[in-house]
Number of protein chains: 2
Amino acid sequence: MNLTNAWNILKDNGYKETSKRNQILELFANDERYLTARDLLDVMQKDYPSMSYDTVYRNLATFVSLGILEETELSGERHFRMQCESDHHHHHFICMDCGKIKEIPVCPMDMVGAALPAYEIANHKFEIYGKCPECK
Amino acid sequence: MNLTNAWNILKDNGYKETSKRNQILELFANDERYLTARDLLDVMQKDYPSMSYDTVYRNLATFVSLGILEETELSGERHFRMQCESDHHHHHFICMDCGKIKEIPVCPMDMVGAALPAYEIANHKFEIYGKCPECK
DNA sequence: TTCTAATTAATAATGATTACGATTTACCTT
DNA sequence: AAGGTAAATCGTAATCATTATTAATTAGAA
Ligand SMILES: [Mn+2]
Ligand SMILES: [Mn+2]
Ligand SMILES: [Zn+2]
Ligand SMILES: [Zn+2]
């Protein structure tokens with residue numbers, strides 16, 4: 001997901017263009033790591049010292065609901081990053097040091113769907129945690 | 001994991017036998033769902049009205065560290081359940097209505113280990129969420 | 001330019017989790 | 001069996017992430 005694409009989605013859904021929204025999106029577009037609300041606020045407050053948590057959380061929720069950001073829970077905190085460009089479903093390795101991710105092209109659901117007859121599957125989570133080559 | 005087994009582990013590690021610990025373990029031994037600290041406290045306070053959060057969280061941490069309980073994060077809250085009996089590594093389907101689980105015998109790591117050369121893999125999470133046949 | 005709904009700031013409230021000093025208890029030693 | 005001690009628990013406060021509230025500001029349409 002890139003900036004232009006994100007703004008198209010926002011405009012299509014009637015959201016207004018604000019400088020803060022734009023800077024949040026730029027920040028995510030230039031950072032492949034997972035960030036917390038606090039991470040985001042800290043960076044944003046360099047340019048907007050009065051930026052509030054409400055603005056951060058509200059926009060994060062908006063972006064996630066529109067599929068612009070993806071979200072995961074790491075050690076008890078919500079983390080966000082730009083939705084992957086890749087159009088086919090996949091999963092992630094996440095470096096616990098630097099936060100960078102690596103795509104895992106396979107999905108285990110291909111092998112287990114049949115093992116759950118009569119079950120209604122809503123979603124699933126598959127993540128691998130460790131250290132990337134740079135951090136090892 | 002059963003009561004006797006759990007107590008053996010606790011005794012081996014120098015933990016004392018208390019009625020509250022025993023009741024917590026009994027509760028988990030008779031409930032295959034994932035429970036939160038609050039769930040646990042609510043049930044325990046029927047027999048021990050003065051039971052405190054400190055006792056709940058301290059014992060949960062102890063049990064997890066000794067491998068008596070397993071833990072996962074569901075919708076932003078820590079959930080706990082008795083460690084599985086099964087001795088071979090596996091994963092779970094979790095019913096989002098009743099909280100019951102079903103074992104998934106496969107592990108996706110069998111297929112992705114080779115896709116991450118030079119990466120140091122520490123752990124992984126694979127869970128499937130939905131509704132079990134009874135709740136559907 | 002004017003109007004209006006969306007957005008934001010400032011701050012308080014909430015809910016889960018952790019921390020801490022005082023008290024009680026399990027269990028080892030005598 | 002009585003006493004001593006470290007572990008366990010209680011009662012409560014503190015912390016931290018997240019959500020809610022209200023008033024002020026602003027983007028975009030008319
Ligand atoms: Mn990806
Ligand atoms: Mn299991
Ligand atoms: Zn998948
Ligand atoms: Zn596995």
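Naming: A, B, ... by sequence-line order, numbering from 1 per chain. All values below were derived from every heavy atom in this structure, side-chain atoms included, with hydrogens, water molecules and symmetry-related copies excluded.
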Among H92(B), R33(B), K100(B), which residue meets the side-chain contact (heavy atoms from CB on, under 4.5 Å) test with R81(B)? H92(B)

Between F93(B) and Y119(A), does the ring centroid distance fall short of 6.0 Å? yes

Tell me yes or no: between the side chains of T55(A) and Y48(A), is some donor less than 3.5 Å from an acceptor? no

Consider only side-chain heavy atoms of I, L, V, M, F, W and Y, link residues closer than 4.5 Å, and tell whether L10(B) and M1(B) are in one cluster. yes

Can any side-chain N or O of R78(A) pair as donor or acceptor with the backbone N or O of E71(A) at less than 3.5 Å? no

For atom CD of E73(B) and atom P of dG15(C), their distance in whole Å: 18 Å

Test: K11(A) and E17(A) ion pair at under 4.0 Å: yes

Using a 4.0 Å cut-off on heavy atoms, which residues in residues 12-25 of chain A reach DNA chain C? List them by number, or say none. Y15(A), K16(A), T18(A), K20(A), R21(A)

Within the structure, does a side-chain N or O atom of R78(B) lie under 4.0 Å from either OP1 or OP2 of dT18(C)? yes

Rounded to whole Å, CZ of R38(A) lies from P of dT19(D) at a distance of 15 Å

Mind calculating the distance between CG (L41(B)) and P (dT9(D)) to the nearest angstrom? 13 Å

Nucleic acid contacts of residues 45-60 of chain B, taken as heavy-atom distances under 4.0 Å to DNA chain C: D54(B), Y57(B)

Walk me through whether H89(A) and H124(A) qualify under ring pair (Phe, Tyr, Trp, His ring centres under 6.0 Å). CA-CA 12 Å; H89(A) 174 74; H124(A) 63 283; 4.9 Å; yes

Quick one: do F63(A) and L35(A) end up in the same hydrophobic cluster if we chain Ile, Leu, Val, Met, Phe, Trp and Tyr together by side-chain heavy atoms under 4.5 Å apart? yes

